[in-house]
Amino acid sequence: MKTAKKPTERNRLVVLSILAAVFSAFFVLLLMSYQIVQGEEFNQQTHQMTSSKLPIKAARGDIVDCNGVALAENKAGFNIVFQYAFLPQDEQNDIIRELVELCEENGVEWNDPLPITRTGAPEFMDDQEKEIETLKKKLELNVYATAENCMYYLLDTFGIEGYDDETARKIAGVRYGMVISDFSINNNQYVFAQDVPIEFVLKMKEMSHQFPGVDVVEEDIRTYPNGDLLPHIVGTIGAMYAEEYEDTYKDLGYKMNDQVGRFGIEQVMETTLHGVDGVRAVEQNKNGDIISEEVTQAPQSGDKVVLTVDAAFQQKVKDALEGHIELLRSRTDGKGSDVKAGSVVVLDVKTGGVLAMVNYPSYDINNYFSDYTELLNTDNNPLFNRATDGLYRPGSTFKTAVAVGALEEGIIDPSSTVNCQHTYYYYDILPNNQFRPTCLGWHGVVNVSKALTESCNIFFYDVGRRLGIDKMNEYAGLLGLGEETGLEIPSKQGALSSPARSEALGSTWFQGNVVQAAIGQMDTSVTPLQMAIQAMTLANRGTRYKAHLIKEVRSYDDKEVLSTTEPEIASQVEIHPENYQAIVDGMIGAAEKLGGSYSLSNLEYQVAIKTGSPQVDNNTTNSAVIGFAPVDDPEIAFSVMLEEGENANYLVRQILDAYYSTHGKDSAYGIKEQPKENADGESGASSSQEENSSSNESSQEE
């Protein structure tokens, strides 16, 4: 028998059932609203949410001199960039046109890598062969395609129509830049203009509604304080080529639009300086509002590269070379007044480190890209690194190599003599001989020391002939001539005279060529760097170090030394003490011939030098000198080469004074102002005392 439920329980069940039904109905209706009534709207919102991974640019490492003077560093600057996700595809040409017009109105440069002239009929730009090759490959055109063909393809591909020719070319230049930078959803940012002034930034922000997908970002900008000091050595950065990206940088994690070192230390130390970019994950809604962002990978700054060069010393040597060339050009007697260019290299004898490397004419690396065409067409090519790539006959400076070889091979000893009567008659033993090379002097009986002091050709004709070309070149190579230098940046190897070289050059080797080679003529071609290495090796009594520019690599914050360049021996040749002394005595004698304000005899130490006046052709000679100091405990070795100049030895005193006024001193500040003033003063003193100087080269080469 069932018991009837109480009224109270029944009422509760009814209420609960009604509430459950109401709630169920509410959620069913809400679900229907989401799925049916508002389903399309939510679906659109879902598809309009954007998730992006944006790079956080790592700071590039600095390049500094041995005292910490900045040669390449970063500054905060503003770039105008395109953001791929928000740049309307069908409005790109108009946006670019308006941006370009705004830039022109405000004097702002924009990136335009297209190697086609900007005005007039389309033509390829001069000296842009690699860029032109890349253009044709990117457009998938054959190698015979003309500039007009390339322009037609660009205009057609990007729908650039309805504009005048000049505007169309500007738009095409930007669109092409976007192509070679792989501007895409995977490479979301393209730099349209770099390091724009703050006034332009403010104007862009005011007009931001006119430029969807265009943004102003604050980034590190590469700058070169003291940019005219070491432009050939420091180098610069620029856009990478497509081939470089595929062959090298892609596997290293670079982005296609990353800038990389184009030459110099910036290039050879690229991966050290570059750092590792970070990553920021950003989520945005359909209006571009950032919903969330998170740094998923922090950037790692590049490391600092410390050079062996002393910036203050470099400045003084630079001023000295410029002052001497200006002095020569002002001469009324015509001696050296046609001087074209010059180079000075100074090395640390004990390590092979480069202390100074100067070229004249030169330029400011900050203006490399903007002034490139003008620099390329400037007389005597300021872009050319004569110190490392200039190939010259060494002239009588080569006689030191012949002296080492002849003494060490026992061909002569320090007391052996040759009688110089101006003309060398040895080859008269040959029937109908007409070859009688001469000397500029009548030196009489001379030994090796006297022959080096007087630069006697007759002595070295005879000794070089007896030594032979093979042994002569062997010792020259051991001293660093015609050999790899070991320098971190590329440098020419040069070559020494020989039968094989003559054949390669399309000429015939004759017996008498060996005597011309013995005085640094013939087909011998070496660089000023190699000549400084030769002097360094002599100073080290036969030990040749590899030359180097990098002293060490430090962490970006300067707290840790990551690597140090240790002196590395490239070769060694034994120079017996008595032979060494004979050679050095001759070089000291050459130094003591200098007088007046260029005198090397009134110093607290002795200097060893060897001069040379190598012939370029029958009417043209260069002027050269090599040397080291102090003789008792050498610290520096140097070389000077002047193209069509005179009296390279006049620079020796200025180099030494510059070295001892800067060596070991805190020269991290003020290198631009103070040294220039001092150098001008020194130059003026030299000029005023020129007539009192008793120094002239006592002999020249045939």
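All residue numbers refer to positions in the sequence shown, counting from 1.
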Novice: At what distance, to the nearest 0.5 angstrom, does OH of Y224 lie from CD1 of I63?
Specialist: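 Result: 6.5 Å between the selected atoms.
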Novice: Considering the options I519, T400, T524, N622, which one meets the side chain to side chain contact (heavy atoms under 4.5 Å, CB included) requirement together with P394?
Specialist: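 The residue from I519, T400, T524, N622 that satisfies side chain to side chain contact (heavy atoms under 4.5 Å, CB included) with P394 turns out to be T524.
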Novice: Measure the CZ-CG distance between F628 and N540 for me, rounded to the nearest 0.5 Å.
Specialist: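 With rounding to 0.5 Å, CZ (F628) is 9.0 Å from CG (N540).
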Novice: For the OG atom of S623 and the CG atom of N649, what is their distance to the nearest 0.5 Å?
Specialist: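 One finds 6.5 Å between OG of S623 and CG of N649.
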Novice: If only atom types and distance count, is the side chain of R386 paired as donor or acceptor with the main-chain N or O of A341 below 3.5 Å?
Specialist: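 Such a contact is absent between R386 side chain and A341 backbone.
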Novice: Mark yes or no for whether T397, through its side chain, and K610, through its backbone, hold a donor-acceptor pair below 3.5 Å.
Specialist: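 Such a contact is absent between T397 side chain and K610 backbone.
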Novice: Between Y475 and E409, is there a side-chain heavy-atom distance shorter than 4.5 Å?
Specialist: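 Of all side-chain heavy-atom pairs linking Y475 with E409, at least one is under 4.5 Å.
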Novice: Whether K350 and D633 form a salt bridge (side-chain N of Lys/Arg under 4.0 Å from carboxylate O of Asp/Glu) is what I want to check.
Specialist: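 Salt bridge present between D633 and K350.
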Novice: Within a strict 4.5 Å, meaning less than it, do heavy atoms of the K399 and F459 side chains meet?
Specialist: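 In short, these two side chains do not touch, never coming nearer than 4.5 Å.
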Novice: Once rounded to the nearest 0.5 Å, what's the spacing between atom OG1 of T423 and atom CG of N457?
Specialist: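 If I round to the nearest 0.5 Å, the distance is 11.0 Å.
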Novice: Quick check: do Q516 and F435 have side-chain heavy atoms less than 4.5 Å from each other?
Specialist: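 Answer yes - side chains close enough.
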Novice: Between D462 and R465, is there a salt bridge with N-O shorter than 4.0 Å?
Specialist: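 Salt bridge present between R465 and D462.
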Novice: For C66, run the side chain to side chain contact (heavy atoms under 4.5 Å, CB included) check against L307, T308, D310, V309 and tell me which one passes.
Specialist: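 So the option named by the test is D310.
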Novice: What I'd like to find out is whether the side chain of I533 reaches to under 4.5 Å of the side chain of R544, using heavy atoms alone.
Specialist: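 In contact.
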Novice: Would N513 and S497 satisfy side chain to side chain contact (heavy atoms under 4.5 Å, CB included), going step by step from the backbone distance to the final call?
Specialist: CA-CA 9 Å; N513 288 4; S497 300; over 6 Å; no
Novice: Would you say that H324 contacts V640 through its side chain, given a criterion of any heavy-atom pair below 4.5 Å between the two side chains?
Specialist: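 No, their side chains stay 4.5 Å or more apart.
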Novice: Among side-chain atoms of K593 and T453, is any donor-acceptor pair under 3.5 angstrom?
Specialist: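 The criterion, which ignores hydrogens and geometry beyond distance, is not satisfied for T453 and K593.
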Novice: Which heavy-atom pair separates P361 from K340 by the least distance, and what is that distance?
Specialist: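 Smallest interatomic distance, heavy atoms only, reads CD-O, 4.2 Å.
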Novice: Pick out which of L562, T564, V561 makes a side chain to side chain contact (heavy atoms under 4.5 Å, CB included) with R554.
Specialist: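 Testing R554 for a side chain to side chain contact (heavy atoms under 4.5 Å, CB included) against L562, T564, V561 leaves exactly one candidate, V561.
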Novice: Hey, what's the ring geometry for Y424 with Y427, parallel, tilted or perpendicular (30° and 60° as the breaks)?
Specialist: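 Ring orientation, 0 to 90° scale: perpendicular.
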Novice: Between H576 and E408, does the side chain to side chain donor-acceptor pair (under 3.5 Å) criterion hold? Intermediate values first, please.
Specialist: CA-CA 7 Å; H576 289 86; E408 291 304 318; 2.7 Å; yes
Novice: Ignoring hydrogens and angles, tell me if any N or O in the side chain of Y461 forms a donor-acceptor pair with the backbone of G512 under 3.5 Å.
Specialist: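 Between the backbone of G512 and the side chain of Y461 there is no qualifying donor-acceptor contact (under 3.5 Å).
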Novice: So, does S639 use its side chain to make a donor-acceptor pair with the main chain of P528 at under 3.5 Å?
Specialist: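 It does hold such a pair.
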Novice: Taking 4.0 angstrom as the limit, do E266 and R262 come out as a salt bridge?
Specialist: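 No.
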Novice: Keeping the roles fixed (side chain from T611, backbone from V625), state whether a donor-acceptor pair exists under 3.5 Å.
Specialist: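 No; judged by distance alone, with no hydrogens or angles, the pair does not exist.
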Novice: Mark yes or no for whether S343, through its side chain, and V358, through its backbone, hold a donor-acceptor pair below 3.5 Å.
Specialist: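 Between the backbone of V358 and the side chain of S343 there is a qualifying donor-acceptor contact (under 3.5 Å).
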Novice: Check step by step if side chain to side chain contact (heavy atoms under 4.5 Å, CB included) holds for Y660 and E635.
Specialist: CA-CA 10 Å; Y660 284 108; E635 294 181 24; 3.8 Å; yes
Novice: Please name the pair of heavy atoms, one in W509 and one in S502, separated by the smallest distance, quoted to 0.1 Å.
Specialist: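 Of all heavy-atom pairs spanning W509 and S502, the closest is CE3-OG, 3.4 Å.
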Novice: Nearest heavy-atom pair of S491 and T485: which atoms, and what distance?
Specialist: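 Reported closest heavy-atom pair: OG-OG1, 2.9 Å.
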Novice: State the CG-CD1 distance between L71 and I233, to the nearest 0.5 angstrom.
Specialist: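 Result: 10.5 Å between the selected atoms.
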Novice: Decide side chain to side chain contact (heavy atoms under 4.5 Å, CB included) for Y659 and V346; before the verdict, give the C-alpha distance in whole Å, the side-chain angles of both, and the deciding distance to 0.1 Å.
Specialist: CA-CA 10 Å; Y659 174 73; V346 185; 5.7 Å; no
Novice: Using the side chain to side chain contact (heavy atoms under 4.5 Å, CB included) rule, take K551 and T351 through it: C-alpha gap first, then chi angles, then the decisive distance, then the call.
Specialist: CA-CA 10 Å; K551 178 183 178 182; T351 67; over 6 Å; no
Novice: Do the side chains of F384 and D389 get nearer than 4.5 Å, heavy atoms only?
Specialist: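 Yes, their side chains come closer than 4.5 Å.
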Novice: Does the distance from a Lys or Arg side-chain N to an Asp or Glu carboxylate O, for E566 and K546, drop under 4.0 Å?
Specialist: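 Salt bridge flag = no for K546 with E566.
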Novice: Can you find a heavy atom in the side chain of V404 that is under 4.5 Å from one in the side chain of N579?
Specialist: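 Result no, sub-4.5 Å side-chain heavy-atom pair not found.
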Novice: How far apart are the closest heavy atoms of R393 and V616, and which atoms are they?
Specialist: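 Scanning both residues completely, I find the closest heavy atoms to be NH1-O, 3.9 Å.
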Novice: Counting heavy atoms not belonging to E503, are there more than 12 under 6.0 Å from its CD?
Specialist: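 Count not over threshold, so no.
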Novice: If you look only at distance, which donor and acceptor atoms sit under 3.5 Å apart when one is on a side chain in residues 599-607 and the other is two or more places apart or in another chain?
Specialist:
from: S599; atom 1: OG; to: S601; atom 2: N; distance (Å): 3.1
from: N602; atom 1: OD1; to: R653; atom 2: NH1; distance (Å): 2.8

Novice: So does L487 get a backbone contact from the side chain of H548, meaning a donor-acceptor N/O pair under 3.5 Å?
Specialist: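 No: the side chain of H548 does not pair with the backbone of L487.
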Novice: Hey, does the side chain of Q530 reach the backbone of Q493 with a donor-acceptor pair shorter than 3.5 angstrom?
Specialist: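 Yes, the answer is positive, given that a donor and an acceptor are paired below the 3.5 Å cut-off.
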Novice: Working to the nearest 0.5 angstrom, can you tell me the gap between L496 CG and M522 CE?
Specialist: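 Reported to 0.5 Å precision, the distance equals 12.0 Å.
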Novice: Answer yes or no: is there a donor N or O on one side and an acceptor on the other, between the side chain of N359 and the main chain of S362, under 3.5 Å?
Specialist: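 Not confirmed, N359 side chain does not pair with S362 backbone.
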Novice: If every non-hydrogen atom of S571 is compared with every non-hydrogen atom of L478, which pair is closest and at what distance?
Specialist: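 So the minimum-distance heavy-atom pair works out to OG-O, 3.1 Å.
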Novice: Grab the two heavy atoms, one from T236 and one from Y368, that are nearest each other, plus how far apart they are.
Specialist: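 Answer, listing the atom of T236 first, then Y368: CG2-CD2, 3.9 Å.
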Novice: Determine whether a donor-acceptor pair (N or O, by modelled atom type, separation under 3.5 Å) exists between the side chain of S455 and the backbone of L452.
Specialist: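 Not confirmed, S455 side chain does not pair with L452 backbone.
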Novice: Taking the side chain as every heavy atom from C-beta outward, state whether L321 and L651 have any atom pair closer than 4.5 Å.
Specialist: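 Yes, at least one pair of side-chain atoms sits under 4.5 Å.
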Novice: Got a sec: does the CZ of R541 have more than 12 other heavy atoms crowding it under 6.0 Å?
Specialist: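 No, not enclosed.
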